[in-house]
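Just so it is clear, the model here is predicted, and its values are computed rather than measured.
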Amino acid sequence: MTSMNATASGKADLQHADGSSVRVLVVDDEETLAELVSMALRMEGWEIRSAGNGTDAVRTARDFRPDVVVLDVMLPDFSGLEVLAKLRAEVPHLPVLFLTARDAVEDRIAGLTAGGDDYVTKPFSLEEVVLRLRALLRRSRVVAAREGSTLVVGDLSLDEDSREVHRGGEPVSLTATEFELLRFLMRNPKRVLSKAQILDRVWSYDFGGQANIVELYISYLRKKIDAGREPMIHTMRGAGYVLKPAT
């Protein structure tokens, strides 16, 4: 499976009419894989729950009421096709993306015939999973694209369309890379982001261990965003960086 290698894009986030986050249920008995998928989806600002078997999936879905489900076909207790049937019995139009190692044509047909909306086989790209889920959510019309393009954290604002940044009403001039780094931080306020996560999403690939480039650009941002002001960008020793409103 390849890593999520898209830069933080300018696409409008999806959300409910009341402004609440998209809810995604990830069902896979491979714990590491489920966590990787969940992490990528959390980076979209979505709320995630996971389950490792069909029984937990059905129970979690009843409590969590997801907008879309990422569902493995091969589960330890009963198949993903059975999970789908149980979920659809309660929520008939719930969008489902099958995620599985089965790549034979007959398996794809079985999944789609059972009512799955899309089908991605392992190994897969996390970016592809996100894009397909976005498409499913738009088609289902459960959520809508967020109007406007401005991210706001405290007195810091970033317009994704005009690429203008202001802190306390004062304009801040950023390079293209600084802008992408700040956008990623602002899309994940109060969330600690590791150097590896930042490298993957902002630079699109691993610098071969040269994580100090993240430190360098964080320092550039601090000079422009935090200079002479209450700091918003904080270092969490051994964990990464977090951006949060100034107190």
Side-chain angles (χ1 to χ4, degrees), residues 1-6 8-9 11-76 80 83-84 86-88 90-91 93-100 116-120 122 124-140 142-146 151 184-194 196-198 200-201 239-240 242-244:
M1 180 181 64
T2 58
S3 63
M4 179 121 182
N5 58 7
S9 69
K11 295 178 182 176
D13 290 336
L14 295 171
Q15 60 184 20
H16 295 99
D18 63 2
S20 60
S21 300
V22 169
R23 297 185 298 273
V24 186
L25 173 60
V26 177
V27 185
D28 198 306
D29 61 334
E30 295 182 53
E31 186 176 346
T32 300
L33 178 57
E35 182 53 37
L36 283 172
V37 173
S38 297
M39 182 178 68
L41 301 184
R42 288 190 186 98
M43 288 181 184
E44 296 297 310
W46 299 347
E47 188 177 353
I48 311 300
R49 294 289 185 278
S50 61
N53 58 58
T55 302
D56 288 345
V58 173
R59 181 171 58 248
T60 302
R62 287 174 180 153
D63 295 335
F64 184 48
R65 302 182 67 183
D67 298 305
V68 65
V69 178
V70 178
L71 179 59
D72 188 13
V73 170
M74 301 294 291
L75 295 171
V83 174
L84 174 62
K86 291 176 182 294
L87 295 179
R88 287 280 175 77
E90 299 187 17
V91 185
H93 302 294
L94 178 64
V96 172
L97 171 69
F98 276 122
L99 193 69
T100 177
D117 297 282
D118 207 346
Y119 199 113
V120 178
K122 304 172 185 177
F124 54 83
S125 161
L126 290 174
E127 179 181 5
E128 180 184 7
V129 172
V130 171
L131 292 176
R132 286 179 183 248
L133 287 176
R134 282 182 171 275
L136 283 182
L137 288 164
R138 287 193 175 96
R139 290 204 301 269
S140 70
V142 173
V143 295
R146 172 180 56 81
L151 302 175
F184 185 40
L185 292 171
M186 292 184 69
R187 282 187 169 185
N188 296 274
K190 299 182 181 180
R191 179 174 295 158
V192 178
L193 301 171
S194 70
Q197 289 174 320
I198 294 172
D200 194 43
R201 288 300 297 271
V242 60
L243 181 139
K244 53 188 178 182

- Quick one: does Val130's side chain get under 4.5 Å of Met43's, heavy atoms only? no

- Residue list, side chain to side chain donor-acceptor pair (under 3.5 Å) with Arg62, at least two apart or on another chain: Glu90

- Item | From CG (Leu185) to CG (Leu151), nearest 0.5 Å | 11.0 Å

- Task: Could you tell me the separation between the CG atom of Leu75 and the CG atom of Asp28, rounded to the nearest 0.5 Å?
- Result: 7.0 Å

- Just wondering, do Trp46 and Leu137 contact through their side chains at under 4.5 Å, heavy atoms? yes

Could you give the side-chain donor-acceptor pairs of residues 30-37 under 3.5 Å, partners two or more places apart or in another chain?
{"from": "Glu30", "atom 1": "OE2", "to": "Lys122", "atom 2": "NZ", "distance (Å)": "3.1"}
{"from": "Glu35", "atom 1": "OE2", "to": "Arg42", "atom 2": "NH1", "distance (Å)": "3.4"}

- Query: What residues, two or more places apart in sequence or in another chain, satisfy side chain to side chain donor-acceptor pair (under 3.5 Å) together with Arg49?
  - Reply: Glu47

- Task: Heavy atoms only: give me the nearest Met39-Gln197 pair and the separation to one decimal.
- Result: SD-NE2, 3.2 Å

- Query: Between atom CG of Leu87 and atom CG of Leu94, what is the distance when rounded to the nearest 0.5 Å?
  - Reply: 6.0 Å

- Do Val27 and Asp72 come close enough that some side-chain heavy atom pair is under 4.5 Å? no

- Any chance you could measure Lys190, atom NZ, to Leu243, atom CG, to the nearest 0.5 Å? 11.0 Å

- Any side-chain heavy-atom pair of Glu44 and Val22 under 4.5 Å: no

- Message: What's the separation between atom CG in Leu126 and atom CG in Leu131, rounded to the nearest 0.5 Å?
- Response: 11.0 Å

- Task: Of all the heavy-atom pairs spanning Pro66 and Ala61, show the shortest one and how long it is.
- Result: CD-O, 3.6 Å

- Give, for atom CZ of Phe98 and atom CZ of Arg132, the distance between the pair rounded to the nearest 0.5 Å. 14.0 Å

- Task: Taking all non-hydrogen atoms of both residues into account, name the closest pair between Ala57 and Val83 and its distance.
- Result: CB-CG1, 4.1 Å

- Message: Tell me the closest heavy-atom pair linking Thr60 and Ala51, and the distance in Å.
- Response: OG1-CB, 4.5 Å

- Note on the structure: Nearest heavy-atom contact between Phe64 and Leu25 is CE2-N, 4.2 Å

- Nearest heavy-atom pair of Gly52 and Asp29: which atoms, and what distance? O-CB, 3.2 Å

